[in-house]
Amino acid sequence: MKVSFIPEPELEFGAGKHVDIRYGLMNLGPFDFDSQLSPKQIRLGIVGTSQTIQDFCEWLEKIRNGVEGKVSPLPNLFPRFPGYGEGTHLTADIVINPQLQRPITQNDILRVKDIENDNDRIAHAVDLFMEQITYLEEHLSPHVVVCTLPEDLIEILGATSSSQVRYDFHDLLKAKAMQIKQHTQLILPTTYQPKSQRSQPLLVNRSLQDEATRAWNLYTAIYYKAKGIPWRLVRNASLPTTCYIGVSFYRSLDQETLQTSIAQVFNELGDGIIVRGGAVKISKDDRQPHLSRDDSYSLLYNALEEYRRVHFTLPARIVIHKTSAYNDDEREGFKSAITEQRVSIADLLSLRQSFTRLFRHGAYPPLRGTLFSLEKHRHILYTRGSVDFFQTYPGMYIPLPLEFRMDQAEQTAEFLATEILSLTKMNWNKSQFDSTDPITIEGARGVGKILKYVSKDEQPQTRYSFYM
């Protein structure tokens, strides 16, 4: 067994590089800050009750001037939020205007409460928000619409009257909003009123973050959805251009039909393209979902065609991250698409959580970036663990490492592990950089949850920002 260490990868910002997202943005600015196409003013639509709209707007005005970091002996883990707008490195201002605000009445909420069926109740609540989102899109074209859910509606949606499959408010709203090409951001009261307790049914297993971190996460998500580029992977000009493809699976809404495949394609800027594939079957041999040869070919071929349509060219190299092992049909199908599209280099990896662990002397788990090789093509990587920059382990529980298997690889295990570690830092919804999964996998799983609400007759949006 060989043990090595992958140093924390840097990200590229407007005026340089840094390992940390928040310090990079605060001191170096967004990657595209000097671009004519970067957002300078973000028109923010807001839908909620009159009270939640007012409370959220007050919080936005508060964080505009900055938020002090959490008092802690670990300042790198809890940095301040510097504020946004003129005079800061977060130069894009957030426009708050009453014309961009649409209220939902208490009578509307009471009518939702009177609906007995769980799914009907959630669907009706989504329709309430969609009515106002549609109005804003048709008349004012906001970059992003924030939905500020009131506490009484959260309680109503959290109530369960049956064990049948229940709709998810967040996922259903995202699916409907993308049909009118509108980006959305859901906000719970605990974001801007941390003492609120009634939001807890939708916050299971989530601890409340400090205020500066909440401000960071909201700003970076809104900036990206407004078509900004907050940061990107560091590009080595001597290496071939690369795109990263995550292949995952999801079940239909009724839980009865076979799983469906999804490919998420990321370029080196971190911009994602979504491609929906065909049905899959559970193998009798390993009890994992697999694609047929033809469906494997079609999924990858279509993903590369979509990449070509967006970027006017194909990458020289592709990296496929898949959530299940590759079988012979998938290898043949993928290789056929790679050959036909004339992609020169391909690395095929399968990724999953591992219960194989290392133990480190002292109170903290192994360092993030620890890599140990069990076999030539089987490796374990700690994407969560102790972080030198934070001077601590920022998690609450013993971390599980990530296992990756190299089904076909042109690159070394260390090179591929560095890419995986870098891709864990490309989640625009999270400003703390120690995610477990690379965005190829984490994003594809989240996309699948939303796509189950998009019928086969409907064309889903291809840009990843609609699914965040």
Below 4.5 Å, heavy atoms only, C-beta onward: do [X] and [Y] meet side chain to side chain?
X    : Y    : answer
T220 : W428 : no
Y167 : D118 : no
I318 : Y307 : no
E12  : W231 : no
F466 : I450 : no
M468 : H183 : no
H18  : L28  : yes
F33  : S38  : no

May I have the step-by-step check of side chain to side chain contact (heavy atoms under 4.5 Å, CB included) for E305 and Q341, ending in yes or no? CA-CA 8 Å; E305 280 294 296; Q341 291 280 20; 3.0 Å; yes
Does atom NZ (K430) have a neighbourhood of more than 12 heavy atoms from anything else shown, all under 6.0 Å? yes
Are there more than 12 heavy atoms of other residues, nucleotides or ligands under 6.0 Å from atom NZ of K181? no
Minimum heavy-atom distance V343-A316, with the two atoms named: CG1-O, 3.7 Å
Residue pairs involving residues 313-322 (criterion side chain to side chain donor-acceptor pair (under 3.5 Å); sequence neighbours excluded): T242-R317, R317-D347, R317-E419, H321-T440, K322-S324, K322-E330
Can you tell me how far [atom2] of [Y] sits from [atom1] of [X], rounded to the nearest 0.5 angstrom?
X    : Y    : atom1 : atom2 : result
L173 : D127 : CG    : CG    : 10.0 Å
L233 : N236 : CG    : CG    : 12.0 Å
C147 : I104 : SG    : CD1   : 7.5 Å
L44  : N97  : CG    : CG    : 11.0 Å
S248 : E442 : OG    : CD    : 11.5 Å
S465 : I274 : OG    : CD1   : 9.0 Å

Backbone of [Y] reached by a side-chain donor or acceptor of [X] within 3.5 Å:
X    : Y    : answer
R214 : T191 : yes
R43  : S141 : yes
D20  : Y23  : yes
R121 : E116 : yes
R64  : I94  : yes

Looking at E8 and K425, is there a salt bridge between them, counting it only when a charged N and a carboxylate O are closer than 4.0 Å? yes
So, are R111 and D114 salt-bridged, with charged N and O less than 4.0 Å apart? no
Are F129 and F169 close enough, and set up right, to give a ring-ring contact (aromatic ring centres under 6.0 Å, His included), and what steps lead you there? CA-CA 11 Å; F129 278 83; F169 179 88; 5.7 Å; yes
Side-chain polar contacts of residues 52-60 - donor-acceptor pairs under 3.5 angstrom, sequence neighbours left out - could you list them?
| unit_1 | atom_1 | unit_2 | atom_2 | d |
| --- | --- | --- | --- | --- |
| T52 | OG1 | T49 | N | 2.9 |
| T52 | OG1 | T49 | O | 3.1 |
| T52 | OG1 | T49 | OG1 | 3.2 |
| T52 | OG1 | T148 | O | 3.3 |
| T52 | OG1 | T148 | OG1 | 2.8 |
| Q54 | NE2 | E58 | OE2 | 3.4 |
| D55 | OD1 | Q51 | NE2 | 2.9 |
| D55 | OD2 | Q51 | NE2 | 3.4 |
| D55 | OD2 | Q193 | NE2 | 3.1 |
| W59 | NE1 | E211 | OE2 | 2.9 |

Residues I320, V247; criterion side chain to side chain contact (heavy atoms under 4.5 Å, CB included); working and verdict: CA-CA 7 Å; I320 301 178; V247 177; 3.9 Å; yes
Side chains of [X] and [Y]: donor-acceptor distance under 3.5 Å anywhere?
X    : Y    : answer
Y297 : E340 : yes
D434 : Y393 : no
R368 : T424 : yes

Are D108 and T105 close enough, and set up right, to give a side chain to side chain donor-acceptor pair (under 3.5 Å), and what steps lead you there? CA-CA 5 Å; D108 292 332; T105 69; 3.0 Å; yes
Full working for side chain to side chain contact (heavy atoms under 4.5 Å, CB included) between V145 and E137: CA-CA 9 Å; V145 174; E137 166 59 26; over 6 Å; no
Hey, can you tell me if Y135 and H139 have their rings parallel, tilted or perpendicular (30° and 60° cut-offs)? parallel
Go through the steps to decide whether N217 and Q432 satisfy the test side chain to side chain contact (heavy atoms under 4.5 Å, CB included), and finish with yes or no. CA-CA 9 Å; N217 292 344; Q432 186 174 304; over 6 Å; no
T184 pairs by side-chain contact (heavy atoms from CB on, under 4.5 Å) with which of K174, M130, M178? K174
Tell me every residue that passes side-chain contact (heavy atoms from CB on, under 4.5 Å) with L110, counting only those two or more places apart in sequence or in another chain. N107
Cation-pi check for Y224 against R463: NZ or CZ below 6.0 Å from the six-membered ring centre and within 45 degrees of the axis, yes or no? yes
